[in-house]
Each structure stands twice: as C-alpha cells, then as structure tokens.
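Position 1 is the first residue of the sequence, and the numbers go up from there. Predicted model, so just to flag it, every value in this text is computed and none were measured. Reckoned from all heavy atoms, side chains included, excluding hydrogens, waters and symmetry mates.
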Amino acid sequence: MRQQLMALEEEGTPIRVAVIGCGRFGSMVISQLAHAPGMEASIACDLDVRRASDALAHERRPRIRPVKTNDVGKANDALNKGRHVATDDSAVAINAEVDVVVDATGNPDIAAKHAYDVIMAGKHVVMVSVEADVLVGPILKDMADQAGVVYTAAYGDQPAIIEELVDWAVSMGFDVVAAGKGTKHRDDFRYLTPDQALLEYGMTPEQIESSSLNPRMYNSFLDTTKSSIEMCAVANMTGLVPDVPGMHFPSASVDDIPRLLIPAEDGGILNRQGVVEIVSCLDGEGNDIPGHLRWGVFVVITSRSEYLRGCMKDYGMAMDPTGRYAVMYRPYHLIGMETPVSIAKAVLYGEATGAPKGRVCEVVATAKKDLAAGEVLDGEGGYTVHGSIVEAAQADGEGLAPIGLCHGATVVRSVSRGQMLSAADVQLPEGGFAAHLRAVQNAV
C-alpha cells in the first residue's frame, strides 16, 4: 500500500477525499490526511462552515485558508488549482471531483442519504456513522456492489478493527469463540441520563458548564447503546451473534478474557461459541481493573490441534487454565487517524475494511424507565430508551422496534423499565430517508 501511495504522491495525483462532518472523528481524518502520502482531504463539509475551514487549515503549513463555496463548479476550479474547499452543502462534497466521501455526521438519517447519493454519484463511501450502517448498511452495500464502488466501515473505529481480527483468525484456521471490545461499564449505566453522563466521565459541574460537549453522545457510550450498535455492525460483518440479548458485559482484564469468554462447560460464561461481547474495565465497585482493555479490541480463539494450542502457549498468549482458549488483542484504536487505510484500500484494491454481509442482528429500543402512553422517545443517548443488541430473528419474531427509528416516536401503551419496545408499543415518526431505505431493505 505504501509504495502505491508514495507513487501517487510523487506523481502529484493523490486520492481526493471529501469529509462530511467535522466533529472529533472527521477532524482527525482531515488532520491525518494532511500527513499521509498519496491522499488529500480536498473538501471538508460541515453545517458550521467555519469549523470545516478550521479543520482543513489546522495541519497545513503555511496555514492557507481553503476556498469557501457552495458551488460545485467553483469547488472543482479550486481543486484543480491545488486549493482545498470548505462548504456547508453536502452536495458539493458529493458531486465535486473527489474519489472518496467519508460520512462522519453521526446522524443515521442524514448519513444514509449521503451514502446513497455518493453511491449514485459513482464514488466510494466510508461510513463512519455506524448508527446508519446497522439500520441500512446491507442495502447500501448491495447498491455499492451494483454500482461498482466500495461501501466500507471506517478502519480505526472498533467494528472494522474487530472484523480484521476475526478475518485474521478464520484465515489462519482458528475457531473464533468470541470477539469484541472493552469499555467503561457498570450494570446501572444502562439507565443513565444525559444529566449524569459527563459526571461519570469525571468532569466537574464547572467544567461541564463551560464545555461544548454533547452529553447525549457521551451518554450513548455509557448506557450500552453505542456498544450495542458497534457489536451489531460486527455481527453483520462476521455472522457472530450476542450470547444473550444485550450481551453480558463482564468485568475483565486481558488475562481474564480467555477464562470468561468461553463455553460454560469449560469454565466460562458463554452458552455457545461464535459471539460478540463487551468487557468492562471496571470492577463491581467501579474501580479500574489492572490490565484492562478499555480502549482495545479482542478475539478469543481456539485450535482443534493440541500441538498448535501448545505452540500458542509457548509463544506467550494469554490462555485459560486448560490451555484450550487464547486471546489475541489490540490495546488501542485510533479512530479517525487510521481511517486513511479504508480510503486507500477502497481506491487501490476495491476492497472494504469491513462491510455488512447481511442483517444478522438488530439494536432495539429498551425502556430506561416506566413509560406511559403519550410520552415521546428521545432516541440514542437520551432519557427514555437505550439500545440492546439482539439477533435479527428475535427482533423480527417479536416485532421489536429499532432504536435508530425511535427518535420522536410516541408511546401508545405503557412499557415497563427494562422492557424491549415492540412496534405495537410505539407510533414511529413518519418520513425520513433512513426509514424509507429501511423499508426497501426489508422488502428485498
């Protein structure tokens, strides 16, 4: 890869990239591309055009301000003169002369529309917005295949890194027992509200008051919604499923993982092999566990060969007491800083760094409190519901409501705290591109 990218750099024909959404993830992508060979963040798009402009200028020396325009022709003129473009119109990012578009908006409805438009424009799309991927990723992947372009998850984000570990294990001939990531979790976190989220991250009330952080986004990481969404994406990529609805979330160090995430008959907590799971970095009292994997990802593997299992132990892998199960892990993921790998693979090899092979799982809305008829749901990271991963067969059989479609839904009959909501419990809001695309996906 590096040789091909360096050749593009020397020829002065870098891969042109547009990034839509210049929050933390998108800004990291843009900053890393400023240093990567053979790739260039040509266009940055954000509702706040100043933020898009700042993201482009931040890593450039001298700090040349980009051209601001909402006209595709003017954008192309600027790109062809070696300038960069900032815009608040996603149509410019999608229709200008770029090779790849990265969606980092985090909004499932907007991201789904962007991805669809990018594919229709005949360009590769890197889907950072995992919320959209778990809703309509399968049909977007099919559309991209038919159009001859790549639809891919973002390398550096945990789903694609986990998929890489699973791909490595299966390609080597190992059996995958479990795969997943670490996070900060206690069981009561499932019912946290945005008012509590930043406090749980250690911020003082004064820091919260002076910050511009989005408490709902932080709360979605704590209340298991984001973890469920990410593991749903992994499930759809790999065919792995949750062992139980909502997953176990055991507390574990790296050394604990191959003892816990194995079948119960061998001393673990699993009912079966081939699962997605999350491990917590906190013990029962809320203290950090030594040797935890909060920022990392893992795969638990075994071999049918006694000889090879012995070799795994000889080479220092963390294993269970029987010597049958081992963990391969990566301690960190660098999110947007690693996304250029997805961009390069899409253009150079026509390959995805993770994409759904079908709809294996679903993330369904689960009540955070007793809900009465007439209440309006506020979606991911909010006060009313959190997301729980279940197998698609269970979601369909029980008519469960995807959390990605529940923002603004009205409760039509009472629901108890901890209950998964069915479509009969709520009236979903009308309209929305993601809802339309989801209906098409369901039909096919």
Side-chain angles (χ1 to χ4, degrees), residues 23-29 31-32 104 106 128-131 153-169 178-187 189-190 192 197-203 213-215 217-234 237-238 240 247-261 276-283 285-301 317-318 326-342 353-354 381 387 389:
R24 182 68 179 273
F25 201 117
S27 294
M28 291 173 78
V29 176
S31 292
Q32 194 67 48
V128 176
S129 303
V130 191
E131 298 85 354
Y155 193 81
D157 211 1
Q158 285 149 315
I161 302 294
I162 296 168
E163 202 281 340
E164 182 182 52
L165 283 177
V166 172
D167 187 59
W168 165 83
K181 68 165 203 166
T183 195
K184 181 179 181 180
H185 174 80
R186 292 198 318 260
D187 284 344
F189 281 3
R190 297 178 192 269
L192 287 178
L198 295 179
L199 293 172
E200 287 291 346
Y201 274 99
M203 298 185 68
L213 298 176
N214 180 353
M217 185 273 289
Y218 279 83
N219 196 41
S220 72
F221 281 92
L222 291 175
D223 72 6
T224 74
T225 301
K226 193 71 171 181
S227 290
S228 290
I229 288 171
E230 290 174 334
M231 292 305 99
C232 184
V234 173
M237 293 176 192
T238 63
L240 303 176
M247 299 181 290
H248 293 283
F249 282 83
S251 299
S253 67
V254 170
D255 289 338
D256 292 330
I257 291 173
R259 296 191 296 103
L260 287 172
L261 298 185
V276 288
E277 188 54 78
I278 304 291
V279 295
S280 175
C281 67
L282 302 179
D283 62 21
E285 278 73 51
N287 301 311
D288 280 349
I289 296 171
H292 64 69
L293 197 63
R294 177 178 178 183
W295 309 110
V297 297
F298 67 87
V299 60
V300 177
I301 58 175
M317 294 190 78
V327 61
M328 177 64 79
Y329 67 96
R330 180 177 168 179
Y332 304 107
H333 71 293
L334 302 181
I335 62 170
M337 287 184 278
E338 298 183 86
T339 299
V341 172
S342 296
T353 51
I389 183 175

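Nearest heavy-atom pair, Gly381 versus Asp223, reported as atom, atom and distance to 0.1 Å: CA-OD2, 3.8 Å. The two atoms that bring Ala179 and Leu240 nearest to each other are CB-CD1, 3.8 Å, heavy atoms only. Residues Ile257 and Ala252 approach most closely at CG1-CB, 4.2 Å, considering heavy atoms. Across all their heavy atoms, His333 and Gly156 have their closest contact at CD2-O, 3.2 Å. Contact between Pro258 and Val254 at its shortest, heavy atoms only, is CD-O, 3.3 Å. When every heavy atom of Met237 is checked against every heavy atom of Ala153, the shortest pair comes out as CE-CB, 3.6 Å.
Partners of Ala154 by side-chain contact (heavy atoms from CB on, under 4.5 Å), not counting sequence neighbours, listed by chain and number: Phe25, Val126, Val128, Thr339. Checked against ring pair (Phe, Tyr, Trp, His ring centres under 6.0 Å), Tyr218 has the following partners two or more places apart in sequence or in another chain: Tyr201. Listed by chain and residue number, Phe174 satisfy the ring pair (Phe, Tyr, Trp, His ring centres under 6.0 Å) test with Trp168 (two or more places apart in sequence, or in another chain). By the side-chain contact (heavy atoms from CB on, under 4.5 Å) test, Arg186 is found to be paired with Asp188, Phe189, Glu200, Leu282, residues two or more places apart in sequence or in another chain being considered. By the side-chain hydrogen bond (donor to acceptor under 3.5 Å, both in side chains) test, Asp157 pairs with no residue at all, sequence neighbours left out. Residues that satisfy the ring pair (Phe, Tyr, Trp, His ring centres under 6.0 Å) test with Tyr329, not counting sequence neighbours, are absent from this structure. For Thr353, the side-chain hydrogen bond (donor to acceptor under 3.5 Å, both in side chains) criterion is met by Thr152, Ser342, not counting sequence neighbours. Residues passing the side-chain hydrogen bond (donor to acceptor under 3.5 Å, both in side chains) test with Ser251, sequence neighbours excluded: none. Every residue meeting the side-chain contact (heavy atoms from CB on, under 4.5 Å) condition with Thr183, not counting sequence neighbours, appears here in chain and number order: Lys181, His185, Ser227, Phe249, Ile278. With sequence neighbours left out, Tyr332 forms a ring pair (Phe, Tyr, Trp, His ring centres under 6.0 Å) with no residue at all. Met337 is linked by a side-chain contact (heavy atoms from CB on, under 4.5 Å) to Met28, Gln32, Leu334, counting only residues two or more places apart in sequence or in another chain.
Using modelled atom types and a 3.5 Å distance limit, the side chains of Ser253 and Asp255 yield no donor-acceptor pair.
Remark: Phe221 CZ to Glu230 CD distance equals 6.0 Å, nearest 0.5 Å. For the atom pair Met217 CE and Lys226 NZ, the distance stands at 8.5 Å (nearest 0.5 Å). Atoms CG and CD, from Asp167 and Glu164 in turn, are 8.0 Å apart once rounded to the nearest 0.5 Å.
Between the side chain of Glu277 and the backbone N or O of His248 there is at least one donor-acceptor pair closer than 3.5 Å. With hydrogens and angles disregarded, no donor-acceptor distance shorter than 3.5 Å links the side chain of Thr225 to the backbone of Ser220.
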Please tabulate, for side-chain N and O atoms in residues 287-294, each donor-acceptor pair with protein atoms closer than 3.5 Å (sequence neighbours left out).
from	atom 1	to	atom 2	distance (Å)
His292	ND1	Arg294	N	3.1

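When side chains are defined from C-beta on, Thr238 does not count as touching Ile162, because their heavy atoms never get closer than 4.5 Å.
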